[in-house]
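Numbers restart at 1 for each chain; the letters A, B, ... are given by sequence-line order, proteins then strands. The basis for the numbers below is simple: all heavy atoms, side chains too, and nothing from hydrogens, waters or symmetry mates.
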Protein chains: 2
Amino acid sequence: MSHDISHASLILDTNTKQSADAGPRKPGRPKGGRSDQTREIILDAAERLFADRGYDGTSIRDVASGCGLQIHSIGYHFGPKESLFDAVVGRRAEIMTRLRREALDASRKKAGAQTIPVRELIRSYVGPFIKSASHGDPGWRNYAALMGRLANSPLGTEIIAKYYDDTARDYITELQRSLAGAEPEDVVEGFSAMVAAMLGICAATGRPQRLSGRAAPRTPEDSSETLVRFHTAGFLALAALP
Amino acid sequence: MSHDISHASLILDTNTKQSADAGPRKPGRPKGGRSDQTREIILDAAERLFADRGYDGTSIRDVASGCGLQIHSIGYHFGPKESLFDAVVGRRAEIMTRLRREALDASRKKAGAQTIPVRELIRSYVGPFIKSASHGDPGWRNYAALMGRLANSPLGTEIIAKYYDDTARDYITELQRSLAGAEPEDVVEGFSAMVAAMLGICAATGRPQRLSGRAAPRTPEDSSETLVRFHTAGFLALAALP
DNA sequence: ATATTAATTGTACGTATGTATAAAAAATGT
DNA sequence: ACATTTTTTATACATACGTACAATTAATAT
C-alpha cells in the first residue's frame, strides 16, 4: 500500500507533503503556489497504482495513501475518479503526441516531394514511446504499462481515442502514401499490430523473458530495433503483390 | 446488468434456470445431473462480464444475476472469485491448446526432416484463435476479448503463463529452427508481437474501424490473412542478415 | 489588522463487495 | 417409506468503496 514517495519528499518541504523526516502534515494553505506540484504528485501516485492494479482495482484511498494525502484532497484537485484517470492519461499523452508530431513534421520536410521511408515512420511513432518507457523516469515506465493495460478495454479504447487517434490517423495516411501498392485497410491492420506490439513490450510483463528462459529481462530499448526491423518488413510485404 | 440468458433457457427447463416464461426458481435439487450444465452457464456469464468489465469491475453478484442465480450458487460451484476466474480462462484454454498442438504435430509429421515453413507455424498458432473468435459462438468471442484485456496485466500474465506458456515455448522452438539465421531472442520478440496483434484484433475494440473511417468493422477472419502475411515477412526479416 | 481565499484534515453516509451461515426443497439411494 | 445428498434460496457480516460535508489552518489581499 505505502510505496516509495521519496521523489515527493525530495521536491517539497515540510508542510506540503509527508516527508520521511517530518511529522504528519497539518492542515492549511501551504507556502507558495504549490497546487500544481501537489497535482503532479497525485498524478504520479495514481499513474503507478492504475498501472499496477487497473482502474477498478485502484481506490481513491489507495491513491491518497500512496502520496501521503487525505482522501478528500484527491477529489478536491481532480473531482470524481474518472476525471483523475483522464488527467493521468492526458498529462503524458500530450507530451507524446508533441514528440511524434515534431518527428513527423521533420520527416515530411526532409522527404520533400518524395514519400517518407516506412522504416522512418515506424521509428518516429514507436521510438518516442519506447525511449520514454525505458529512460529512467519511473513515471514514464508506469505510464507505458498503464497504456498497455488499457489497450484492449472499453474504457481504455475510449480514452485512447480521445488522446491518440488524431495523430495515429496522420501516421496511417503517411504510411499509406509510402506503401502505394498496399490495401489501405491492410495498412491500418499493420499499424494496429505495431501499436499492440509496442505496448506489449513496454508493459514489461516478463513474458518474453519467461518464454526465452533468459536470466535478465531485455530492456525495451534493446527490443526497439528488432521491433522496427520486424514491422518494416511486415509493412513492405503488404505492398508487395500477393 | 441483466443481459440475454436466452441460450440458458433454451438448454434447461423450469426448475434449473430462470427462463423467460417460468416464475422465480425454487430451491432444491434439480432433475438429472445438471450440475455440469449449471457450471457451464455460470462460466458463460462470468466470461462475458469479465470480458466487458474486467476482473475487478465484475462482482460475483453481477455474475449471479447475469445467469439468474443467487449469489451463493457461484461460490458453491467455484469457490472464491479467483477460482471462478481461473475456471473461466482454463475452460477454453485447454481446447485452444489442444487445437494448436494437433496442428503443430501435423506440421511436424508433414515436414519430416525438413523445417516447418514459418507461414505454416504462424497460421497454426494464430488461426485457431481467430477462427474461434469469429465463428458465431458468442462465448468464444467473449473469451477472446477477455484474453486481450488480460494480456498486459499482472493477473493476466500469471494465468496466461499457467495455461499457455508451455505450448508457446514449443512454437518458439520450432520457429527458431525454421529461422536458423535469426537471433533466438529476436524470435521470441517476434512471437510476442504476433500474439499481441492477434489479441488486439480479437478484442474487437473498434479502433481499426475508427482509424480507417470504415462504415462496418472488419471481421477477425478478414484480418487473419493480412496478419499472417505481415508477420511472416517480419519473421523472415529477422533471419536475414542486417 | 482584518477579511478572504486556498488547501488540507477529519468524519460521515449510503451503497457495494466477497464470503459465510442457515434453512429449504427436490432428487436419489436404500 | 424414509434418510441422505445435492443444489438452491435467504440472510447476515465485516469491510471497502466513491462522494460529500464540516472544521481547521496557513497564506494572501485589502
Rounded to whole Å, how long is the line connecting atom [atom1] of [X] with atom [atom2] of [N]?
X: B/Tyr76; N: C/dA22; atom1: OH; atom2: C1'; answer: 15 Å
X: B/Ile42; N: D/dT8; atom1: CD1; atom2: C1'; answer: 11 Å
X: B/Gln70; N: C/dG18; atom1: CD; atom2: P; answer: 15 Å
X: B/Leu84; N: C/dT19; atom1: CG; atom2: P; answer: 10 Å
X: B/Ile74; N: C/dT17; atom1: CD1; atom2: P; answer: 14 Å

Checklist entry - What residues form a salt bridge (Lys or Arg N to Asp or Glu O under 4.0 Å) with B/Arg207, not counting sequence neighbours? => result A/Asp165
Checklist entry - With a 4.0 Å cut-off, would you call A/Arg100 and A/Asp166 a salt bridge? => result no
Checklist entry - Nucleotide by nucleotide, 5' to 3', does protein get under 4.0 Å of the base (B), only the sugar-phosphate (S), or neither (-) in nucleotides 14-22 of chain D, counting heavy atoms? => result ---BBBBB-
Checklist entry - So, is B/Thr38 close to the D/dT6 phosphate, meaning a side-chain N or O under 4.0 Å from OP1 or OP2? => result no
Next on the checklist: It should be established whether B/His77 places a side-chain nitrogen or oxygen under 4.0 Å from OP1 or OP2 of nucleotide D/dT6.
Outcome noted: no
Next on the checklist: Can you confirm whether A/Met96 sits close enough to A/Thr167 that some side-chain heavy atom of one is under 4.5 Å from a side-chain heavy atom of the other?
Outcome noted: no
Checklist entry - Quick one: does A/Arg149's side chain have a donor or acceptor within less than 3.5 Å of a partner on A/Asp52's backbone? => result yes
Item to check | Short side-chain to backbone donor-acceptor contact, A/Gln70 and A/Ala64, under 3.5 Å | outcome: no
Checklist entry - Can you tell which of D/dT6, D/dT9, C/dT8 lies closest to the side chain of A/Ser73? => result C/dT8
Item to check | side-chain hydrogen bond (donor to acceptor under 3.5 Å, both in side chains) contacts touching residues 136-146 of chain A (sequence neighbours left out) | outcome: A/Tyr143-A/Tyr164
